[in-house]
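The structure displayed is predicted, hence computed values, not measured ones. Values reported hereafter were calculated over all heavy atoms of this structure, with side chains retained and with hydrogens, waters and symmetry mates removed.
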Amino acid sequence: MNNHADCIFCQIVRGEAPSFSLCQDEQALAFMDIFPVAPGHVLVITREHFENIFEASDDSLRAVAAMSKRLAQAIRTQLAPEGLGVFQLNGAAAGQTVFHYHQHLIPRSGGDSLQLHSRVRGNDGELVALSRKLAAAL
C-alpha cells in the first residue's frame, strides 16, 4: 500500500499517530477532526495515500463516499444539526492543508460561517464522547 512517512493521515492509518476513531474498512477510515469547526466534525480518508481526487482510485473514492454517507446518517441521528456540510478540497489554492485525500463532514447551524478549518484544538474529553456516540450509531 502506498503511504508516506511524513503524512499525518498515513501515520494514523498505520497506528503511529493517535486519533479518535469512528470506523474503518479495507479502503477508508474515519475519525474526529482534532481541530473541529463544529462539534461532530468528522474526517473520512483513504487508507492508501493519494494526494487529491485526481490521484485517488475509483474504488477508494467509492469507499470514502459510502463511509461518509453512513457517518452523515449517524451525525443526523445523534447530533440533529440543522445541516451538514460535506467538503473535499484539492490543492493549496482550494484550501487543502493535509495532502492526503479526505472529506470533511461538518454539522452546521443557521448563521454558521463557511469555515472549513479551525486553529483551536478540540477538547479530548468531548472528542472521545462524540466519537463513542457516533460510532455506536453506526
Side-chain angles (χ1 to χ4, degrees):
M1 180 170 287
N2 179 23
N3 63 57
H4 293 248
D6 60 343
C7 172
I8 186 62
F9 288 174
C10 287
Q11 292 169 13
I12 290 171
V13 167
R14 291 189 306 267
E16 297 170 356
S19 69
F20 299 95
S21 180
L22 294 165
C23 60
Q24 60 184 306
D25 62 25
E26 302 80 34
Q27 296 185 358
L29 65 112
F31 49 90
M32 305 304 298
D33 192 318
I34 62 168
F35 292 93
V37 171
H41 183 168
V42 171
L43 299 176
V44 183
I45 72 169
T46 56
R47 291 184 76 74
E48 187 171 353
H49 183 90
F50 301 106
E51 186 171 312
N52 53 46
I53 196 168
F54 306 107
E55 295 179 2
S57 71
D58 291 348
D59 286 343
S60 290
L61 292 174
R62 280 190 285 274
V64 168
M67 188 173 286
S68 293
K69 183 174 181 177
R70 287 179 48 223
L71 284 158
Q73 294 285 11
I75 291 168
R76 181 166 67 173
T77 300
Q78 297 300 309
L79 305 180
E82 293 178 41
L84 180 72
V86 180
F87 303 98
Q88 197 279 311
L89 309 169
N90 298 281
Q96 186 178 9
T97 58
V98 177
F99 294 90
H100 181 122
Y101 183 85
H102 62 286
Q103 282 189 348
H104 295 259
L105 303 178
I106 305 174
R108 297 291 189 171
S109 297
D112 284 354
S113 67
L114 191 59
Q115 183 181 358
L116 302 179
H117 299 101
S118 172
R119 294 175 192 242
V120 178
R121 192 176 192 308
N123 175 284
D124 284 358
E126 290 173 12
L127 292 170
V128 166
L130 283 167
S131 68
R132 289 180 180 158
K133 185 174 190 174
L134 293 175
L138 296 173

With distance as the sole test, does [X] use its side chain to make a donor-acceptor pair with the main-chain N or O of [Y] at under 3.5 Å?
| X | Y | answer |
| --- | --- | --- |
| Thr77 | Ala74 | no |
| Gln11 | Ala17 | no |
| Glu82 | Ser109 | no |
| Asn52 | Glu55 | yes |

Taking all atoms of both residues into account, what is the closest heavy-atom pair of [X] and [Y], and its distance?
| X | Y | result |
| --- | --- | --- |
| His100 | Arg47 | CE1-O, 4.4 Å |
| Leu105 | Ser68 | CD1-O, 3.7 Å |
| Ser60 | Thr46 | CB-CG2, 3.7 Å |
| Leu134 | Gln78 | CD2-CB, 4.0 Å |
| Gln88 | His102 | CG-O, 3.2 Å |
| Ile75 | Pro107 | CG2-CG, 3.8 Å |

Validation row: Ile53, Tyr101 side chains within 4.5 angstrom (heavy atoms):
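The answer is yes, as the side chains (C-beta and beyond) meet within the 4.5 Å cut-off.
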Answer whether the closest heavy-atom distance between the side chains of Arg108 and Pro81 falls below 4.5 Å.
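Not in contact.
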Would you kindly confirm whether [X] and [Y] end up in one hydrophobic cluster when ILVMFWY residues are joined by side chain heavy atoms under 4.5 Å apart?
| X | Y | value |
| --- | --- | --- |
| Val98 | Leu61 | no |
| Met67 | Leu79 | yes |
| Ile106 | Val120 | no |
| Ile8 | Phe50 | no |

[atom1]/[X] to [atom2]/[Y] distance, rounded to the nearest 0.5 angstrom?
| X | Y | atom1 | atom2 | answer |
| --- | --- | --- | --- | --- |
| Asp25 | Arg70 | CG | CZ | 7.5 Å |
| Leu71 | Leu84 | CG | CG | 10.0 Å |
| Asn90 | Phe99 | CG | CZ | 10.0 Å |
| Gln103 | Leu89 | CD | CG | 10.0 Å |
| Ile45 | Phe9 | CD1 | CZ | 6.0 Å |
| Cys7 | Arg14 | SG | CZ | 8.0 Å |

Residue pair Gln73 / Arg76, side-chain donor-acceptor N/O under 3.5 Å
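Yes.
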Considering only distance and modelled atom types, tabulate donor-acceptor pairs under 3.5 Å from the side chains of residues 27-44, sequence neighbours left out.
residue, atom, partner, partner atom, Å
Asp33, OD1, Phe35, N, 2.8
Asp33, OD2, His41, NE2, 3.2
His41, ND1, Val37, N, 3.0
His41, NE2, His104, ND1, 2.8

